[in-house]
**Student:** 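Shown below is the structure under consideration.
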Amino acid sequence: MTIQEYEDWFNSVEIPKGEILLVAGTTIIDSEKFPSVSIATLKANPDAKANAAIWFRLMAFKLLIESNL
């Protein structure tokens, strides 16, 4: 997915509230803020190697939300 596709998708679904265990060792503390902050970081420098983890966490968060829809 592109940054815009993630942004559109997260804007179209209800984001769960509270802390969320994303994967082992990764907890999202503010799940409502997580997508917008992650997307803003990617927009600032989408091809940075350091952003690979952000791409992964966005995908994992999206899959987690989809599995609960």
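Basis for what follows: all heavy atoms, side chains included, without hydrogens, waters or symmetry-related copies. For clarity, every value in this text was computed on a predicted model and none was experimentally measured.
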**Student:** Once you round to the nearest 0.5 Å, how far does CH2 of W9 lie from CD1 of I65?
**Tutor:**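 Rounded to the nearest 0.5 Å, the CH2-CD1 separation comes to 4.5 Å.
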**Student:** Which atoms form the tightest heavy-atom contact between G18 and S31, and what is the distance?
**Tutor:**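 Closest approach of G18 to S31: O-OG, 3.0 Å.
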**Student:** Determine the minimum heavy-atom distance between E32 and P16, stating which atoms define it.
**Tutor:**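 That would be CG-O, 4.1 Å.
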**Student:** Could you state the interatomic distance from CG (L58) to CD (E5), rounded to the nearest 0.5 Å?
**Tutor:**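 One finds 12.5 Å between CG of L58 and CD of E5.
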**Student:** P35 and I15: which non-hydrogen atoms are nearest, and at how many Å?
**Tutor:**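 That closest heavy-atom pairing would be CG-CD1, 4.2 Å.
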**Student:** Flag the pair I20 / F61 as yes when at least one side-chain heavy-atom distance between them is below 4.5 Å, and no otherwise.
**Tutor:**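 Yes; the side chains approach each other to less than 4.5 Å.
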**Student:** Looking at CG of L21 and OG1 of T26, how far apart are the two atoms once the value is rounded to the nearest 0.5 Å?
**Tutor:**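 The OG1 atom of T26 is 8.0 Å from CG of L21, to the nearest 0.5 Å.
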**Student:** Minimum heavy-atom separation for T27 and E19, please, with both atom names.
**Tutor:**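 Closest pair (atom of T27, atom of E19, distance): CG2-OE1, 4.0 Å.
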**Student:** Is there side-chain contact between P46 and I3, with heavy atoms separated by less than 4.5 Å?
**Tutor:**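 Heavy-atom side-chain distance check passes, below 4.5 Å.
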**Student:** So do the side chains of W55 and Y6 get within less than 4.5 Å of each other, counting heavy atoms only?
**Tutor:**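 In contact.
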**Student:** For the CD1 atom of I54 and the CG atom of L42, what is their distance to the nearest 0.5 Å?
**Tutor:**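 Result: 5.0 Å between the selected atoms.
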**Student:** Are V37 and I28 connected in a single hydrophobic cluster, I mean Ile/Leu/Val/Met/Phe/Trp/Tyr linked by side-chain heavy atoms less than 4.5 Å apart?
**Tutor:**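 No, I28 does not connect to V37 through the hydrophobic network.
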**Student:** Any sub-3.5 Å donor-acceptor pair from S67's side-chain atoms to L64's backbone N or O?
**Tutor:**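 Judged by distance alone, yes, a pair lies under 3.5 Å.
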**Student:** Taking atom CG of D8 and atom OG1 of T2, what is their separation to the nearest 0.5 Å?
**Tutor:**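 The OG1 atom of T2 is 7.5 Å from CG of D8, to the nearest 0.5 Å.
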**Student:** Please report the interatomic distance NZ(K43) to CD(Q4), rounded to the nearest 0.5 Å.
**Tutor:**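 It is 6.0 Å, given to the nearest 0.5 Å.
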**Student:** In the single-linkage hydrophobic clustering (I, L, V, M, F, W, Y; side-chain heavy atoms under 4.5 Å), do M1 and M59 co-cluster?
**Tutor:**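 The answer is yes; both residues are in one hydrophobic cluster.
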**Student:** How would you list, by chain and number, every residue that makes a salt bridge (charged side-chain N to carboxylate O under 4.0 Å, His left out) with K33, sequence neighbours excluded?
**Tutor:**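 Expected list: none.
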